[in-house]
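Note that this is a predicted model, so its numbers are computed, not measured. Sequential numbering from 1 along the given sequence is applied to the chain's residues.
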Amino acid sequence: MSDTLAPLLNELKRLERATVAGRADAIALIHEVQELRARLVAARDGVGAEIETVQRGIAAFNAYGQTARRP
């Protein structure tokens, strides 16, 4: 009986180690995804700020164009 159980127990131990390693890989991947998400949000916010700056510049240019005297 032990001849039959030994390979099964070894396989079980191997699967347990693989599961633990897989879980560690999954956790690392989750952290990487969270970091990427934070970087994307920061980039989006930066682009949003640049768009607002351009919009203010356009508004100021338009306001100047309406008040400037033309020859």
Side-chain angles (χ1 to χ4, degrees):
M1 180 119 177
S2 67
D3 290 338
T4 306
L5 290 178
L8 293 174
L9 289 172
N10 288 336
E11 182 66 11
L12 178 61
K13 288 178 186 176
R14 187 190 68 76
L15 290 173
E16 286 175 341
R17 285 191 302 271
T19 300
V20 169
R23 189 175 299 137
D25 289 345
I27 290 169
L29 184 58
I30 288 169
H31 289 306
E32 190 174 335
V33 168
Q34 289 172 336
E35 181 182 329
L36 282 172
R37 183 170 187 250
R39 290 172 57 194
L40 285 170
V41 167
R44 181 199 62 197
D45 292 346
V47 169
E50 289 181 27
I51 289 171
E52 290 175 7
T53 300
V54 169
Q55 289 172 335
R56 283 194 304 271
I58 290 170
F61 179 78
N62 288 337
Y64 173 79
Q66 292 174 357
T67 59
R69 295 185 187 175
R70 296 189 180 145

### Message
Rounded at 0.5 Å granularity, tell me how far CD1 in Ile30 sits from CD in Glu32.
### Response
11.5 Å
### Message
I want to check something: taking the side chain as every heavy atom from C-beta on, are Arg44 and Val41 in contact at a cut-off of under 4.5 Å?
### Response
yes
## Note on the structure
When rounded to the nearest 0.5 Å, the distance separating CD of Gln34 from CG of Leu29 is 10.0 Å
### Query
How would you list, by chain and number, every residue that makes a salt bridge (charged side-chain N to carboxylate O under 4.0 Å, His left out) with Glu11, sequence neighbours excluded?
Arg14
### Message
Rounded at 0.5 Å granularity, tell me how far OG1 in Thr53 sits from CD1 in Ile58.
### Response
11.0 Å
#### Entry: Approximate separation, where rounding is to 0.5 Å, of Leu12 CG and Arg17 CZ
10.0 Å
